[in-house]
Amino acid sequence: MDKEQMRSLLEVSVEAVDYIAAMIEDGTDNPTVAELMDNLRRIAAAIEAETRGTDGLLQKVYLYARNILASIEDLQRHPSLFVRVFSCEIRPFILEMQRLWHLAAEVLSDEGRRAQHQAGLMQAMRDLHHAPRTEYPYDVTIVLCAYNKLEYTKAAVESIFAHTDFSSGRVELITINNGSDDGTREYFESLPHTKKINLKYNILGFNAAQYIAEGKYYVGYSNDVVATPRWLEHLLAAMESDECIAHAVPTCNEESISNLQGIPVPYPNTFEGMEKMQQFAAEHNHLNADLWEERSVLMPFLAATRTDIYKMGLVDPIYTRAEFVDDDLSTLLRRTGWRQLLLKDTFMHHFGGVTLGQGRKKEAGNALDAMRRVYYDKWGVDAWDSRGGFVGAEYVWPWHTVREHERVLVLEPRFGDLACELLNTYRRSGFTPHMTAAVFDKNYLPDTDYIFDETIMVTEIEALAAQCVGRYDIISAGCYLDELPTKDVIAEIEQLHGILAAGGVLILPVRNPSSAYELDHMMQYGARDVYTAEGEVKPHVGISYHQLLQALNAHPFLNRHKIKNIIFEADLSLAEQFKPLICRDERAPSDLEHSLSVRMFFLGIQKDVIQ
């Protein structure tokens, strides 16, 4: 079957299901429906045969064709379920099958069309800021997806019904049985809601729900999550607080989430611990907008998302192995001006790894490496090196007492992790600063609109000092000092000091090139720990932190500085291995052995109130 024939079959299928859907809506009893359903069965069988043995997106087309056939067989056994099975399964499966085939055969197969598709999606996302909001019959659609693990699914469902107000008629529930064989389907059939999707063959079928979701906000709910008091009320309050919020994510137990999104909890991650968990959550979950954190990247184990955004098809199918999908989505949102919130006032329990874990265990090869490269090729920057944040930054924010109407300058914020930390620090104190980004690498220019009030594009610090209007109460950076375009380090620190307001502070992350971590990486790989694609060579520079501190100590006004060393526990044993290799002479710093364990430090320079 050639491409034109496949396209034609899919178009005919979509026309048929749209026609049948119109008949159902009108309540018309049309004898042609049976004939159309038989044609759909024949088309699905032809597509199944054509795509058998494929991989990537075409494998998903194959699986949707198989699921369509399975749903049609179900109807033959249970004709009384026609409206539900057609509306919730057959039509959504056909629409999604056509969408995936189009992407695989007509978009992703051509570099130019792929770029055009991405540009069109980003423009549509930007245009949505100014579009009128769609009216929906529900406030929220909760979509619960389960693949086996029935005991977890029951815990999730019971908690949803216990802690969600369905009485107002403003919340709908959709369940998806994603190829389970442990009684999950039968359990979902026993529940009182009406929208139920059954996938006989596992396909990670969250997207099928978009065609039947009728809520203003879409909550993707995995079966390893347990709902808690006021969870949905808080998510709705956050989403309604600003039209520019794309999605909001609650916090959870820290061992079951990455990205510093979790919090410590006083109960075990077991079914036996759920009673104590609910007690903890009831005490924790009190609405407090000061605890809503701005984030550059979110890992949404559960999220409330604007449905109009969700239905744009944000999950890029080029991530074929389930990794870096969240990084990619966050990048799309950032670069089109949408905000992402982590709600630290809203706790939900996350067992972790139940819905996707089984499927991921079957993956061959290193999915992280493969998908990291896919992200790099798509966006031109690395997902991890570009975060623009540093472990331990929370220890240095007390160097400055935040106040109302202050101005903050962040040098090379990259994705904005450090910038978000600063903004969240102000918000917790009830203030909102004026945020300015100074971008040196044009690849990061699109990452500033979601959080910064002003962006300055420059090539060197001297030019930045000349362009700045006014003074800043905090100046910091989303990269190491040696990654800034420096020529004369001390002279440029002087220039940054010069644009500080009286009483302001300059806080710079400084890498220690003589740390055991850096030395080990240089010895093993001949380069710094910076991501490079195959065949790519990146230069790097280093700044001796001993020389830097010596120069600052001798400086007439930069000598009033402070430092905060950051030591990783994992580096301590590595530092011990390097100590016997140290060659000691009169030029060696006295703290040489200690410095092996210091991967980086924060340099803080305060500007006196009166100078």
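For the residue pair T141 and Y136, no side-chain donor N or O sits within less than 3.5 Å of a side-chain acceptor on the partner. Of the N and O atoms on the side chains of N285 and W231, not one donor lies less than 3.5 Å from an acceptor on the other residue. Remark: the H350 side chain and the N269 side chain contain no N/O donor-acceptor pair separated by less than 3.5 Å. Using modelled atom types, one finds a donor on one side chain and an acceptor on the other under 3.5 Å when comparing W379 with D328.
For NZ of K538, the number of neighbouring non-hydrogen atoms (other residues, nucleotides, ligands) closer than 6.0 Å is greater than 12. The environment of E255 atom CD is dense: over 12 non-hydrogen atoms of other residues, nucleotides or ligands sit within 6.0 angstrom. The local environment of CZ in F431 is crowded, with over 12 non-hydrogen atoms from other residues, nucleotides or ligands closer than 6.0 Å. Other residues, nucleotides and ligands contribute only 12 or fewer heavy atoms inside 6.0 Å of the CD atom of E275. Residue-environment remark: CG (L574) exceeds the threshold of 12 foreign heavy atoms within 6.0 Å.
Closest of all the heavy-atom pairs between P229 and A281 is CD-CB, 4.3 Å. Taking each heavy atom of T307 and G215 in turn, the nearest pair found is OG1-O, 2.7 Å. Shown here for F602 and I566, the closest heavy-atom pair between the two residues is CE1-CG1, 3.8 Å.
At a threshold of 4.0 Å, the pair R528-E483 does not count as salt-bridged, since none of the basic side-chain nitrogens sits closer than that to a carboxylate oxygen. Between E294 and R339 there is a salt bridge, since at least one side-chain N of the basic residue sits less than 4.0 Å from a carboxylate O of the acidic one. A salt bridge is absent between R403 and D473; no separation between the charged side-chain nitrogens and carboxylate oxygens falls under 4.0 Å. Between D382 and R372, at least one side-chain N (NZ, or NE/NH1/NH2) sits under 4.0 Å from a carboxylate O, which counts as a salt bridge. A salt bridge between E394 and K564 is absent, with no side-chain N of the basic residue lying under 4.0 Å from a carboxylate O of the acidic one. The pair D377-R373 meets the salt-bridge criterion, with a side-chain N (NZ, NE, NH1 or NH2) lying under 4.0 Å from an Asp/Glu carboxylate O.
Under the 6.0 Å cut-off for aromatic ring centres, W338 and H247 do not qualify, their centroids lying 6.0 Å or more apart. In summary, the aromatic rings of Y310 and Y217 are positioned with their centroids too far apart to meet the 6.0 Å limit. Taking the six-membered ring wherever Trp is involved, the centroid distance between the rings of Y531 and Y376 falls below 6.0 Å.
Here the side chain of N512 pairs a donor or acceptor atom with the backbone of S595 at under 3.5 angstrom. Of the possible donor and acceptor atoms, none in the side chain of D308 sits under 3.5 Å from a partner among the backbone N and O of R133. Side-chain atoms of R387 never come within 3.5 Å of backbone atoms of D417 as a donor-acceptor pair (strictly under, hydrogens ignored).
A cation-pi contact, defined as under 6.0 Å to the ring centre and within 45° of the axis, links R407 to Y472.
Rounded to the nearest 0.5 angstrom, H129 NE2 and E243 CD are separated by 10.5 Å.
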